[in-house]
Amino acid sequence: MKRIALILTALVAVASLSAQTAKTVIVPRPMEVTAVKGAYTVTAKSVIAATDAELVRPAELFASYVANDLGATLSVEQKQKGGIVLSLDKELASEEYTLNISSKGVKIVGGTPAAVFYGLQSLRQLVSAGEATKKGIKLEGVAIKDKPLLGHRGAMLDVCRYFYTVAEVKRFIDIMAIHKLNRFHWHLTEDQGWRIEIKKYPNLVKIGSKRKETIIGHRRYSKVYDGTPHGGYYTHNEIKDIVKYAAERYIEVIPEIDMPGHMVAALASYPELGCRDEKFEVRTTWGISKDVLCVGKESTFEFIEGVLSEVVELFPSQYIHYGGDETPRHRWKECPHCQKRIQEEGLKDENELQSYFMHRVEKFLAKHNRKVIGWDEIIYGGINKSATIMLWNDRNRAKAISLGNDVILTPKYYCYMDYYQTNRPWSNKEGLMIHEKRILTLRKAYSLNPFEGLQPSEYGRIKGVQANLWTEYIPNFQEVQINLLPRMAAIAEVGWTIGERNFDEFGARMHHLRKLYDKNGILYAPYFFDGTDEIE
Ligand code: ACM
Ligand code: ZN
């Protein structure tokens with residue numbers, strides 16, 4: 001009953017469009033929204049005035065976003081006056097903006113161009129939900145003050161288990177921008193495919209970017225393979241193009257080179273990187289491989305430094321993600337090179353051996369003025385204060401927080417977008433998911449409290465939150481979107497919204513965002529919207 005009442009409330013909310021105010025529309029919810037008398041109608045002739053050269057590009061992007069709503073692409077001029085005026089105010093924080101709509105027009109002021117861009121994303125949602133009149137789109141008067149809770153608001157895409165085209169990656173970035181996300185974590189290397197061209201090591205794409213076939217069905221039960229090769233990689237030029245595309249949308253691309261585990265595609269390309277004298281194949285099934293990089297051989301470090309030298313040329317990001325997850329110790333325990341390294345370096349065990357490796361990589365990246373982010377397993381053998389922990393395992397939460405390092409939250413039961421979305425499995429149309437039973441509904445994703453169990457003095461350690469999409473069972477970009485949305489919107493609000501949050505109120509706003517998705521040809525899962533995601 002409660003559920004039906006909620007759906008009715010949402011439907012009523014959507015039906016009475018003319019009564020919409022910014023408070024009931026924008027996702028993620030702004031910090032402060034105050035109704036103001038009057039209204040302003042944006043017409044096809046409205047001019048966007050960019051008062052600073054840096055605001056011209058975001059203005060042009062906004063014009064393209066609302067072109068369908070207005071039936072025209074608004075003109076952008078670098079000047080001081082217009083129907084929609086964009087300006088900068090250095091007094092505001094770097095991601096803080098104000099958005100004012102009155103009978104005189106629309107004004108967006110931001111601390112930086114990025115902040116103005118966020119204001120424009122809010123305006124885009126208001127235009128999408130606004131009242132269509134003969135003249136244009138009528139917007140109710142409002143005064144918005146807004147800024148994000150957390151600095152890192154991310155989304156991760158695994159392009160290794162399945163490859164997605166440059167156009168699809170740009171689409172992913174477009175979807176992130178709608179939600180005011182600002183960090184694209186690009187998972188580029190894996191056991192099942194190496195996706196970044198490295199000129200010094202050509203076999204990585206010649207051999208490592210292709211697998212001969214892929215398992216059909218769930219890896220736990222199936223022994224059947226599709227017999228079809230799968231592959232793909234991004235050239236340096238394509239990567240630069242994507243980095244620039246993201247930067248125009250104020251999204252930093254953080255590449256992940258996952259090491260020393262999840263390296264079978266590299267081992268297939270250069271078998272000498274392994275502990276044993278054997279040949280490898282790019283993996284054709286999922287799960288964790290016992291084959292990892294040999295940390296005893298100096299040549300492994302030479303390889304990693306060669307790879308990272310090209311990575312830092314391609315990606316200007318402050319952080320490089322160096323992986324560190326799911327690295328079985330079996331090979332190291334049996335390897336004379338690895339055991340010699342443990343002895344010579346006075347390391348206690350294989351956990352410390354992994355830390356030795358991560359520290360050396362961190363040191364190399366520091367020479368290039370880059371900092372590292374690693375999955376929470378990097379804490380096992382000790383970490384430097386300078387490393388940021390990406391926390392995905394609940395079992396490591398307390399320890400990771402107690403260390404005092406910077407933390408980005410991606411707890412899997414809230415942030416992993418590859419679990420089922422409905423607790424009515426029979427209504428799920430996506431077929432196989434990574435876990436046969438685990439369910440992550442929109443409500444559950446929204447319920448993440450970044451500061452749960454922390455003392456206020458510890459809140460500052462939480463630098464961000466991120467939605468992760470692993471793609472073992474997500475073979476195409478349609479399914480990428482359907483798994484991502486609407487749940488990524490919930491994570492975006494967790495990371496952005498300051499103050500109390502309420503799921504039902506969020507849900508009502510999501511019905512507006514859904515329309516924006518529709519208008520832009522963005523796919524999403526139906527379960528929350530048609531009420532089949534939760535039974536009580
Ligand atoms: C991970 O999910 N292996 C980070
Ligand atoms: Zn070894």
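Start at 1 and go down the list; that is how both ligands and their atoms are numbered.
- Between the side chains of N237 and T235, not a single donor N or O lies within less than 3.5 Å of an accepting N or O.
- Taking only nitrogen or oxygen atoms, main chain and side chain alike, Y416 reaches within less than 3.5 Å of ligand 1.
- For the Zn ion (ligand 2), the set of nearby N, O or S atoms under 2.8 Å includes none belonging to H337.
- Ring geometry, Y524 versus Y517: the interplanar angle falls from 30° to 60°, so the pair is classed tilted.
- Taking any N or O of D325, backbone or side chain, at least one lies under 3.5 Å from an N or O belonging to ligand 1.
- Draw a line from the Zn ion (ligand 2) to SG of C335 and another to SG of C294, and the angle between them is 110° (to 10°).
- Vertex the Zn ion (ligand 2), arms ending at SG of C338 and SG of C275: the angle is 110° after rounding to 10 degrees.
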Using the rule given for side chain to side chain donor-acceptor pair (under 3.5 Å), can you reason through N483 versus Y419, listing the C-alpha separation, both sets of side-chain angles and the distance that settles it, and then say yes or no? CA-CA 8 Å; N483 282 283; Y419 295 135; over 6 Å; no

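- At a cut-off of 3.5 Å, with distance as the only test, no side-chain donor of Q466 or R153 sits close to an acceptor on the other residue.
- No cation-pi contact links R171 to F477, judged by a cut-off of 6.0 Å to the six-membered ring centre and 45° from its axis.
- Figure legend: R509 and Y446 shown without cation-pi pairing, the cationic atom not lying both under 6.0 angstrom from the six-membered ring centre and within 45 degrees of its axis.
- Residue W470 approaches ligand 1 through these ligand atoms, each under 4.0 Å from one of its heavy atoms: 1 (C), 2 (O), 4 (C).
- Note: no N/O pair closer than 3.5 Å links W392 and ligand 1 by distance alone.
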